[in-house]
Amino acid sequence: TTGANNMAVGKNVIFSAAVGKVCPSQEEAKVASGETILPGYLVTKDSSGEFIAHNVAGVGGDWFVADLDSIGQGDATTALTVGDTVQSFIPVPGDFYNVVVAASQNITQKGLALTSDGDGTVKIATTGTATPDVTLFHADEVINTGGTAQLVRVRVASSSANKASA
């Protein structure tokens, strides 16, 4: 089943931890002009302190994971646009999230390295080369996203540079 924005319906949370796990620290900011952010996107802040989709493929830096629009009662397919307030998680290594994985990604095994695709989504990382991608996550499920981006359960591999604000 697909919902708005052609995202697969079925996952209804972004922070995906065991029962009893405390919700991680969050930051909130407005969505910058010209941006559309989906729950599970990698986001970063622009020079005005507003959230934009993480826009550099293969790298880390200051990044967060956008949460659902719980104030507006949005679900996992509800997009946030200019002026909306986004609550975003400050990822901690080992925590689990459902993040938006780009279309045409064939995740063939758990533990596969994932990185930013430069548009808010993540993709399979290039590793084992002279200039490998920064691994942000490890896949926690086997899935082929096919023709549409999908929420995929992942484990955080590396800290965001913004961890000091946690």
Peer 1: Under a 3.5 Å distance rule, please check whether Gln105 uses its side chain to pair with a backbone N or O of Ile124 as donor and acceptor.
Peer 2: yes
Peer 1: Taking His54 for its side chain and Val65 for its backbone only, find out whether a donor-acceptor pair lies under 3.5 Å.
Peer 2: no
Peer 1: Which atom pair, heavy atoms only, marks the closest approach of Ala113 to Thr127?
Peer 2: CB-CG2, 4.1 Å
Peer 1: Measure across Gly118 and Ser116 and return the closest heavy-atom pair with its distance rounded to 0.1 Å.
Peer 2: N-OG, 3.0 Å
Peer 1: So do Glu35 and Val82 actually touch side chain to side chain, heavy atoms under 4.5 Å?
Peer 2: no
Peer 1: Could you tell me the separation between the CG atom of Asn144 and the OG atom of Ser104, rounded to the nearest 0.5 Å?
Peer 2: 8.0 Å
Peer 1: Between Glu50 (side chain only) and Lys30 (backbone N and O only), is there a donor and an acceptor less than 3.5 Å apart?
Peer 2: no
Peer 1: Say whether Thr121 and Asp119, considering side chains only, have a donor N or O and an acceptor N or O under 3.5 Å apart.
Peer 2: yes
Peer 1: Between Glu141 and Ile107, is there a side-chain heavy-atom distance shorter than 4.5 Å?
Peer 2: no
Peer 1: So, for Phe64 and Phe51, is the gap between ring centers shorter than 6.0 Å?
Peer 2: yes
Peer 1: For Ala139 and Gln109, which heavy atoms make the closest approach, and how far apart are they?
Peer 2: CB-O, 4.2 Å
Peer 1: Using side chain to side chain contact (heavy atoms under 4.5 Å, CB included), reason through Thr44 and Ile52 one step at a time and then give a plain yes or no.
Peer 2: CA-CA 6 Å; Thr44 191; Ile52 60 173; 3.7 Å; yes
Peer 1: Compare all side-chain heavy atoms of Ile14 with those of Leu151 and state whether any distance is below 4.5 angstrom.
Peer 2: yes
Peer 1: Measure the shortest side-chain to side-chain distance between Phe137 and Leu42 over non-hydrogen atoms and say whether it is less than 4.5 angstrom.
Peer 2: yes
Peer 1: Mind running side chain to side chain contact (heavy atoms under 4.5 Å, CB included) on Asp67 and Phe15 for me, showing each step along the way?
Peer 2: CA-CA 8 Å; Asp67 196 8; Phe15 180 61; 5.9 Å; no
Peer 1: Between Thr145 and Ala102, is there a donor-acceptor pair closer than 3.5 Å when you use the side chain of the first and the backbone of the second?
Peer 2: yes
Peer 1: Quick one: does Thr115's side chain have a donor or acceptor within less than 3.5 Å of a partner on Val134's backbone?
Peer 2: yes
Peer 1: Nearest heavy-atom pair of Ala157 and Pro93: which atoms, and what distance?
Peer 2: O-CB, 4.1 Å
Peer 1: Measure the CD-OG distance between Gln26 and Ser88 for me, rounded to the nearest 0.5 Å.
Peer 2: 7.5 Å
Peer 1: What's the separation between atom CG in Leu38 and atom CG in Leu80, rounded to the nearest 0.5 Å?
Peer 2: 8.0 Å
Peer 1: Please round to the nearest 0.5 Å and tell me the distance separating atom CG of Asp133 and atom CG of Asp117.
Peer 2: 9.5 Å
Peer 1: Please report the interatomic distance CG(Asp140) to CG(Leu114), rounded to the nearest 0.5 Å.
Peer 2: 10.5 Å
Peer 1: Work out which heavy atom in Leu136 is nearest to a heavy atom in Gly60; give both atom names and the distance.
Peer 2: CD2-CA, 3.8 Å
Peer 1: Checking Val13 against Asn98 for the side chain to side chain contact (heavy atoms under 4.5 Å, CB included) test, could you report, in this order, the C-alpha distance in whole Å, the side-chain angles of both residues, the deciding distance, and whether it holds?
Peer 2: CA-CA 7 Å; Val13 297; Asn98 290 311; 3.9 Å; yes
Peer 1: Distance from Thr108 atom OG1 to Ile143 atom CD1, nearest 0.5 Å?
Peer 2: 12.5 Å
